[in-house]
Amino acid sequence: KQDSEITSRYIQLVDPSTNRLYEDPATEQPLPPRTLRGVLATLDFKTHRLVQVSPDEPRNRDFIPVCKIVEKKDEYRREKLRKEAQKESKALQAKANSVKTLELNWAIDENDLSHRLDRVKVFLEEGRKVEIVVASKKKGRKATAAECEGLLGRVREVVDGVKGAREVKGFDGKMGGFGVVVLQGKGTLGGKEEGVGKQAGEEREVLVTKS
C-alpha cells in the first residue's frame, strides 16, 4: 500500500536507508507513532511517496503499520535495476536451455576438428549445453582406435579449459561407431546435471561437419 491506500490512522516511520525505526537522539528510543494525515501533509507527491512495508493485521484493532518515505527517483532506479537483473537472468536461463548438437566424424581432419572444438569452447563459455554426436561415414576412411581415443581426449581438453564447464554424460556408444558425449557450460542455473535428449524449454541447433 502507498499514500492514501494506507487505512490506519497512525503509522510508525522507519529510515528508508536503514529500515530501522527513527529514534529520539536523546533517549535512543523509537519515536512515537505519527498520524497518517500529518505525514502525508508534509510530502511533495511529485517527488516522494509513503509506502507501507508491514502487512495489515485486520484482527488487530491497535495495529500500527510500519511505513517509510521513499524518493520516486530512487524507487524508479531500483525497479530499473530489478528489471535489468531479471532480463539478464532470463538470458542466462535461455542459454542454459539452448542445446548445440555437433556432429563429428571419427576420421575428421585436424583443421576441421580444431575449428569445431573452438565452437564448442565458445558455447561452453556462454553456459550452453553441447551434445557431440560422433559416427563413422559409410564410405569414408575408418579411424584407428588411437584416433578415436585422441578425438575424445581433445574434447575433454576443451572442457578442462573452460572454468565451470563439465562433462554431463561421458561417451556413450561404440568406439569408432555411433556415440554421444554431453557437455554443460559454465554458469548454469540450478547446477543440475542433465542427460541426453531434449528437455522442456530447450532449443536445439545442429552443426554438421563435412569431413
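Excluded from the calculations below are hydrogen atoms, water molecules and symmetry mates; all remaining heavy atoms, backbone and side chain alike, are included.
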Arg82 atom CZ, over 12 foreign heavy atoms within 6.0 Å:
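Atom CZ in Arg82 is packed in, count exceeds 12.
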Return yes when atom NZ of Lys121 has more than 12 non-hydrogen atoms of other residues, nucleotides or ligands closer than 6.0 Å, and no otherwise.
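For Lys121, atom NZ is not crowded (no more than 12 foreign heavy atoms under 6.0 Å).
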Who pairs with [X] by side chain to side chain donor-acceptor pair (under 3.5 Å), at least two apart in sequence or on another chain?
X: Glu110; result: Ser114, Arg154
X: Arg78; result: none
X: Asn111; result: none
X: Asp74; result: Arg77

Under 3.5 Å: donor-acceptor pair, side chain of [X], backbone of [Y]:
X: Gln52; Y: Ser54; value: yes
X: Glu149; Y: Ala146; value: no
X: Lys142; Y: Lys137; value: yes
X: Ser8; Y: Ile64; value: no

Considering only heavy atoms from C-beta outward, does the side chain of [X] approach that of [Y] to under 4.5 Å?
X: Leu151; Y: Ile108; answer: yes
X: Phe123; Y: Glu126; answer: yes
X: Leu183; Y: Val155; answer: yes
X: Leu117; Y: Glu157; answer: no
X: Tyr10; Y: Pro32; answer: no
X: Thr47; Y: Lys73; answer: no
X: Val181; Y: Arg156; answer: no
X: Arg116; Y: Leu104; answer: yes

Rounded distance (nearest 0.5 Å) linking atom [atom1] of [X] with atom [atom2] of [Y]:
X: Glu103; Y: Glu131; atom1: CD; atom2: CD; result: 9.0 Å
X: Asp3; Y: His48; atom1: CG; atom2: NE2; result: 11.5 Å
X: Asp15; Y: Glu23; atom1: CG; atom2: CD; result: 10.0 Å
X: Leu124; Y: Gln184; atom1: CG; atom2: CD; result: 8.0 Å
X: Cys148; Y: Trp106; atom1: SG; atom2: CH2; result: 5.0 Å
X: Ile132; Y: Lys169; atom1: CD1; atom2: NZ; result: 14.5 Å

Mind running side-chain contact (heavy atoms from CB on, under 4.5 Å) on Val130 and Arg119 for me, showing each step along the way?
CA-CA 10 Å; Val130 182; Arg119 297 289 301 277; over 6 Å; no
For [X] versus [Y], what's the shortest heavy-atom pair and its separation?
X: Phe178; Y: Ala135; result: CD1-CB, 4.2 Å
X: Gly38; Y: Thr42; result: O-CG2, 3.3 Å
X: Gly185; Y: Arg166; result: O-NH1, 4.3 Å

Do the side chains of Lys87 and Glu84 get close enough for a salt bridge, i.e. N-O under 4.0 angstrom?
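Here Lys87 does not pair with Glu84 in a salt bridge, since their nearest N and O are not under 4.0 Å apart.
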Whichever hydrophobic residues join Phe45 through chains of side-chain contacts under 4.5 Å
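In the cluster with Phe45 are Ile6, Ile11, Leu13, Tyr22, Leu31, Leu36, Val39, Leu40, Leu43, Leu50, Ile69.
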By salt bridge (Lys or Arg N to Asp or Glu O under 4.0 Å), which residues pair with Lys174, not counting sequence neighbours?
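For Lys174 there are no salt bridge (Lys or Arg N to Asp or Glu O under 4.0 Å) partners, ignoring immediate neighbours.
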